[in-house]
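Every value quoted in this text rests on a predicted model; they were computed, and no experiment measured them. Reminder, nothing fancy here: chain letters follow the sequence lines and each chain counts from 1.
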Protein chains: 2
Amino acid sequence: MKLGTTDKMEAPKVRAPNIRDVARLAGVSYQTVSRVLNNAESIKPSTKRRVLEIIEQIGYRPNQAARALVTSKSRTIGVLTSQTAHYGPTTSLHAIEDAAREAGYLITTTSLSTSDQGSITEGLEHLMAQAIEGLVVIAPQVRVFDAFRQLALTIPVVTLDSTGQGAPRSLSVDQIAGARMATNHLIGLGHKDIVHVAGPRDWIEAEARMRGFLDAISTADLRTHRPILGDWTADFGYHVGTELLDFRDFTAVFAGNDQMALGLLHAFRNAGLDVPGDISVVGFDDVPEARHFFPPLTTVRQDFAELGRRSIALLVGEIEGETDLDHAQILPELIVRDSTARACR
Amino acid sequence: MKLGTTDKMEAPKVRAPNIRDVARLAGVSYQTVSRVLNNAESIKPSTKRRVLEIIEQIGYRPNQAARALVTSKSRTIGVLTSQTAHYGPTTSLHAIEDAAREAGYLITTTSLSTSDQGSITEGLEHLMAQAIEGLVVIAPQVRVFDAFRQLALTIPVVTLDSTGQGAPRSLSVDQIAGARMATNHLIGLGHKDIVHVAGPRDWIEAEARMRGFLDAISTADLRTHRPILGDWTADFGYHVGTELLDFRDFTAVFAGNDQMALGLLHAFRNAGLDVPGDISVVGFDDVPEARHFFPPLTTVRQDFAELGRRSIALLVGEIEGETDLDHAQILPELIVRDSTARACR
DNA sequence: ATCGGCGATGTGTACGTTCACATTTCGCGA
DNA sequence: TCGCGAAATGTGAACGTACACATCGCCGAT
């Protein structure tokens, strides 16, 4: 049963007030009310005041559906996000919401259950149905990104978390540089055998970090260990850490994110090894908990919030017809804590 | 510049096809098309097939704004969430999205920047403007919850993460029971002086967990330590842990969530103390990383996903006029790991 | 005094859909 | 063959808003 409606009684005509009700009570035409609503110029201050008074008084709210129907505008920005509970996307999303609110836009978020074309199309249609004026895609997976290429949208689009290559409008933290920084940090400490536990195959960031890692390794002319493909979870880090110890042909591990690093720390500790004494570990992301790991984790900080803010700045700029927008990549930062040390052998 | 539009050339009238275009091409009236769209009965199969063919062919999509304007229906469920990056709400949200999709509903999420009445009203209006048929409120803060009470909505509402008391439709994991379980676990291990590091004042869960803690303490007739109010972060846990050690008048700590527990572990470790040898620590939530903490954390698991699924089941039930719905609270589960041990003195 | 022009406001219509009701078509028994 | 009811389809509104254009005063310049 719905709250607030009566069941048996005659419906007491509870229709919400519309623009004509306001007009009638204010003694003006509906068009004048419309002008007040869209704060047009050339309206007498006294009239405006009177109309606003009535609006306040009867609690009139413009009907967005009607407005969207006629204008195809909505002051709404859509966010399409692949469904993940990961720290990065979530943080960016929050920053996006704040930035959009500040710019006077509303945000509608829809998340993808899967990353196949159908799911993307469905999510997109839902957003388009709300007459969104711009779209932010937080799509860390390659597939989503590809699927998007095929859609010719008529609104500005900004893509997050890509490598920034080839996409029309994309914004990202420079993952490759970050991975290079992490790897070079280990190399600088004298490590010669470094293992990389990467993220899943189809994640753009996983790919980029792997590339940065391999770059740094081959530049330093070190032995290349084949990266291990993980799933971002601490559980995976733990398992792979345990297996890795069977060989013990490395002195440092660069994990694709902080969670997997945590699992690795756990596995090494369980085996009686000391981090960083025996093995160095570097993570990626700098989640708020990373500094409280044991030992506090050396990692690469990404400014996800800045990423979110910039995406909205870019998008709003495009919507409002600005040019000369800032597409620069954001540089990550290496945070050195206690999980890395000079190689012992 | 918008993608997909040409700048200089005359606009080539790219109006999206509407129901009348379909009707004309199919040689029927627009109403017949409408009937096909809403799969009404009494429509000749051959006609239906023909219409569907045309729809497919010209890529017609019903205009939701127009539909919403006239029906005030949208097969959309709104989610109003207070803006947090916390594990629980995020996990529930994902479950909600999946469950809704399965039930044939779409989800629109709007998050609150602040929890004042104005922000809530604004968020709600945005959702109502999309003609949502039901509303899920993920509002862990007392203020949000209170503000909602004042709004007389005409659609079904389900509130998450409350204590389940007094709200018309609310669903939650029984926080009080969970806190009691955690505290009794410590009491059972012989701890007589237990400190509770709680969440912020206005969080409903924080309050409930505190209540469960105090319940258990007073039932066991132990000395009551005044709970410390925190902010859920690991950083806070670390700082309070450091300060707590100045007195050292306790043998166990029950943290309001796993992050704060992590900070406590860090602080105690830094001070040269052993967990659980010297101090036992219990968390709350069982985030996926908790088992990889050092030591693996004893905590209370909440099934956030189940919570999300149940909320949609409840809401869809109400929307579709079902009765006899399941409002039972979900019971949390104590997960005993290595951060708790028998009290040493 | 007349008229152009501008500020302020009103009128008609379109947006794309669904609802209520009207109309046509069809099959079948009398 | 007719008529009748049900099935199938069509017609005219209405939803609430914004845009294009029309109208009405009024002021100052000619």
Whether the side chain of A:Arg61 and the base of D:dG16 hold a donor-acceptor pair under 3.5 Å is what I'd like checked. no
Let me spell it out: for each of B:Ser29 and A:Arg67, pick the nucleotide of DNA chain D with the closest heavy atom. Which residue's pick is nearer the 5' end? B:Ser29
In this structure, how many angstroms lie between the C1' atom of C:dG10 and the CD1 atom of A:Ile19, rounded? 13 Å
If you count heavy atoms of other groups shown closer than 6.0 angstrom to CD of A:Glu306, is the number above 12? yes
Without decimals, in angstroms, what is the distance between B:Gln31 CD and D:dA7 C1'? 15 Å
Starting at atom CG of B:Asn18, determine the distance to atom P of C:dG16, rounded to an integer number of angstrom. 5 Å
I want to verify a distance call: between D:dT17, C:dT9, C:dG16, whose nearest atom is closest to the A:Thr47 side chain? C:dT9
So, A:Ser172 and A:Gln329: side-chain donor and acceptor under 3.5 Å apart, yes or no? yes
In terms of the nearest nucleotide of DNA chain C, which residue is placed more toward the 5' end: A:Lys44 or A:Arg20? A:Lys44
Of the listed nucleotides C:dC19, C:dG10, D:dT17, the one nearest the side chain of B:Thr71: C:dC19
From C-beta outward on A:Val70, which listed nucleotide comes closest to its side chain: D:dT9, C:dG16, C:dC15? C:dC15
Any donor-acceptor pair under 3.5 Å joining the side chain of B:Tyr60 to the base of C:dG16? no
Axis-to-axis angle for the helix from C:dA1-D:dT30 to C:dA30-D:dT1, ends of five pairs each, to 10°, equals 60°
Students often get this wrong, so: under 4.0 angstrom with heavy atoms, is B:Ile43 touching a base, only sugar-phosphate, or nothing? sugar-phosphate
Measure CZ/B:Arg35 against P/C:dC21 and give the value in whole Å, please. 14 Å
Closest nucleotide of DNA chain D for B:Leu69 versus for B:Tyr30: which of these residues is on the 5' side? B:Tyr30
